[in-house]
There are 2 protein chains.
Amino acid sequence: MATTKTRNSQRTPCEQCPLRKLEHFRNFTPEELEFVSNFKTGELAVDAGATILVEGSHSAHLFTVLSGWGFRYKMLDDGRRQILNYMMPGDLIGLQGSLMGEMQHSIEALSPVTLCVFERDKLGGIFRNHADLAYDLTWIAAREERILDENLLSIGRRSALERAAYLLAFLYQRAKALQLFDGQRVSIPITQQHVADTLGLSIVHTNKTLKKLGERKMIRWADKGCDILDDKGLMQLAGWDGYKEKKRPFI
Amino acid sequence: MATTKTRNSQRTPCEQCPLRKLEHFRNFTPEELEFVSNFKTGELAVDAGATILVEGSHSAHLFTVLSGWGFRYKMLDDGRRQILNYMMPGDLIGLQGSLMGEMQHSIEALSPVTLCVFERDKLGGIFRNHADLAYDLTWIAAREERILDENLLSIGRRSALERAAYLLAFLYQRAKALQLFDGQRVSIPITQQHVADTLGLSIVHTNKTLKKLGERKMIRWADKGCDILDDKGLMQLAGWDGYKEKKRPFI
DNA sequence: CGATCCGTTGACCTGCGTCAACATATGTGG
DNA sequence: CCACATATGTTGACGCAGGTCAACGGATCG
């Protein structure tokens with residue numbers, strides 16, 4: 001498995017950050033932009049399959065995803081794995097570890113990923129000098145909490161078919177907001193093993209469940225990825241309304 | 001079901017807050033104490049079974065639990081319920097709703113509960129004038145996230161017996177840190193229905209699972225509550241190490 | 001060209017759900 | 001004071017959603 005990490009000097013100046021052009025994110029004031037630009041110490045390119053952060057470690061950095069997909073997960077001693085959430089452009093990772101010391105989960109890249117690198121030690125400066133950004137940080141943590149709440153509801157109380165529908169609708173909504181189109185459709189770069197480990201199901205049953213969604217023309221499983229054909233149908237099946245976020249902050 | 005809420009003028013001055021005497025919480029500087037004292041606008045007493053916050057509402061307040069137990073949950077349209085986490089003294093509730101607008105979960109009291117009331121509109125003042133408290137807010141949100149991560153792992157990948165063991169060990173650890181002893185043992189004021197809705201199981205299976213833990217002398221189910229007899233055994237069974245929090249902030 | 005990863009399918013098994021009945025406590029209105 | 005209702009816990013019989021095992025096909029890659 002590829003695990004190369006490449007450290008570069010800063011390549012994309014924050015002023016030209018491609019994410020800021022998206023409707024989805026809130027605008028920054030020039031001062032904020034300058035501060036963040038200063039906060040950013042570099043960029044990191046990571047191969048698909050590489051581990052970005054490991055449970056049990058104490059990282060000196062936190063990151064914002066600039067491009068690519070990843071996921072957060074925890075494991076039990078005997079190898080059972082639970083995927084907690086997915087990371088997409090604009091997502092901040094490692095905040096939990098930065099605030100509380102040791103990482104309690106791992107993060108892995110699903111595709112090639114580019115990361116903006118921040119120093120954990122400079123986090124305090126945000127709270128001391130940039131109330132708005134500090135507020136954003138808390139907002140970002142609350143957003144993650146909200147997503148986990150919905151995931152818990154899903155795994156605890158939805159059937160396999162409903163769970164799968166929820167997951168795919170959820171990923172679709174996020175990808176769409178970021179305009180991650182692949183031609184006309186939104187394509188999600190995960191394997192059925194990832195779906196299984198997210199939903200708390202076995203691979204075999206996951207396969208059969210996804211096939212049912214395929215028969216209903218809601219999705220199409222392409223090689224190593226999934227196309228969403230009918231997001232409304234998925235949402236209805238799961239009994240999920242979607243998030244109504246207008247603009248989102250990001251660091 | 002009782003749903004009385006009683007609003008009082010401030011009774012417990014923050015300077016004499018009983019929670020601050022606990023080893024478990026970090027100390028405040030006098031300035032912080034004064035600010036929080038000012039931030040607090042009153043107290044609320046709530047009966048067991050009362051709903052404190054409702055999914056879909058926009059609350060103008062957030063609260064810190066001063067005494068008593070409660071829980072956070074979400075429901076599906078057809079009535080299926082998932083308990084997300086439990087609230088105990090020192091826990092901040094309603095932050096998610098305050099930051100993001102609409103509440104996406106409900107909160108209910110398990111026992112009579114006393115709450116410190118804060119105005120949502122004054123939250124901004126914390127970020128603008130009290131960097132340390134703002135940091136604490138983010139820390140508190142990250143802590144909730146960490147707990148949800150572990151819950152997800154539990155529901156997604158642990159067996160019924162392991163899940164139950166984890167839940168009870170988890171509640172025990174928290175209760176113990178707050179010195180919520182009932183004589184010698186820690187007693188947890190929940191019904192088996194709550195356990196079922198937390199673990200994503202049916203009541204019948206929950207009953208049989210708890211019975212097994214009882215046969216192993218790890219717990220004893222008293223009327224409407226649970227005594228923990230062997231927390232180490234529960235943790236080992238669940239494959240859970242516990243949280244190693246030393247001191248915790250609270251607002 | 002074997003090795004590895006990923007998806008697919010069928011046969012069979014089991015952990016947990018559902019249904020149903022019953023026990024005990026507590027409360028409530030008459 | 002009784003009659004009844006509701007909340008909680010307990011237990012057994014039975015069914016099914018989802019797990020496990022096993023085999024196979026296609027794609028990709030050193």
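This one's a predicted model, so the numbers in the text were calculated from it and none came from an experiment. Quick note on labels: first sequence line is chain A, next is B, and so on, each numbered from 1.
- To the nearest angstrom, C1' of C:dG17 lies 13 Å from CZ of B:R80.
- The phosphate of D:dT10 (OP1 or OP2) has a side-chain N or O of B:N207 nearer than 4.0 angstrom.
- For B:L213 and D:dT10, the CG to P distance is 13 Å, given to the nearest whole Å.
- In terms of position along DNA chain C, the nucleotide closest to A:I190 lies nearer the 5' end than the nucleotide closest to the other residue of the pair A:I190 and B:L161.
- Partner of B:L153 under the side-chain contact (heavy atoms from CB on, under 4.5 Å) criterion, out of A:Q82, A:R81, A:R80: A:Q82 alone.
- Contact annotation: B:Q193 side-chain N/O to D:dG9 OP1/OP2 distance is not under 4.0 Å.
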A correct 5'-to-3' footprint of nucleotides 19-30 of chain D, with B, S and - meaning base, sugar-phosphate only and no protein heavy atom under 4.0 Å, is SBB---------

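- For the pair A:Q192 and C:dC5, the criterion of a side-chain N or O lying under 4.0 Å from OP1 or OP2 is not met.
- Overall bending of the helix from C:dC1-D:dG30 to C:dG30-D:dC1, expressed as the angle between end axes built from five pairs apiece, is 40° (10° steps).
- Spacing between atom CD1 of A:I155 and atom P of D:dG18 amounts to 13 Å, rounded to whole angstrom units.
- Between the side chain of B:R174 and the backbone N or O of B:Y86 there is at least one donor-acceptor pair closer than 3.5 Å.
- In summary, of the residues considered (A:T206, A:D197, A:N207, A:T209), a side-chain hydrogen bond (donor to acceptor under 3.5 Å, both in side chains) with A:Q192 occurs for A:N207 alone.
- Using a cutoff of 4.0 Å between basic side-chain nitrogens and carboxylate oxygens, A:E108 and A:R72 are not scored as salt-bridged.
- Side-chain atoms of B:E102 and B:S57 form no donor-acceptor pair, as typed in the model, at a separation below 3.5 Å.
- For A:R248 and A:F25, the positive end is not near the middle of the six-membered ring at less than 6.0 Å and at most 45° from its axis.
- Taking side-chain N and O atoms only, B:K211 has a distance below 4.0 Å to OP1 or OP2 of D:dT11.
- Remark: C1' of D:dG18 and CZ of A:R158 are 18 Å apart, rounded to the nearest angstrom.
- With A:E150 as the fixed residue, the salt bridge (charged side-chain N to carboxylate O under 4.0 Å, His left out) test singles out one of A:R163, A:R143, A:R157, A:R158: A:R158.
- Applying the ring pair (Phe, Tyr, Trp, His ring centres under 6.0 Å) rule to B:W240 yields the partners B:Y166, B:Y243; only residues at least two apart in sequence or on another chain are considered.
- With ring centers used as reference points, A:F71 lies under 6.0 Å from A:H194.
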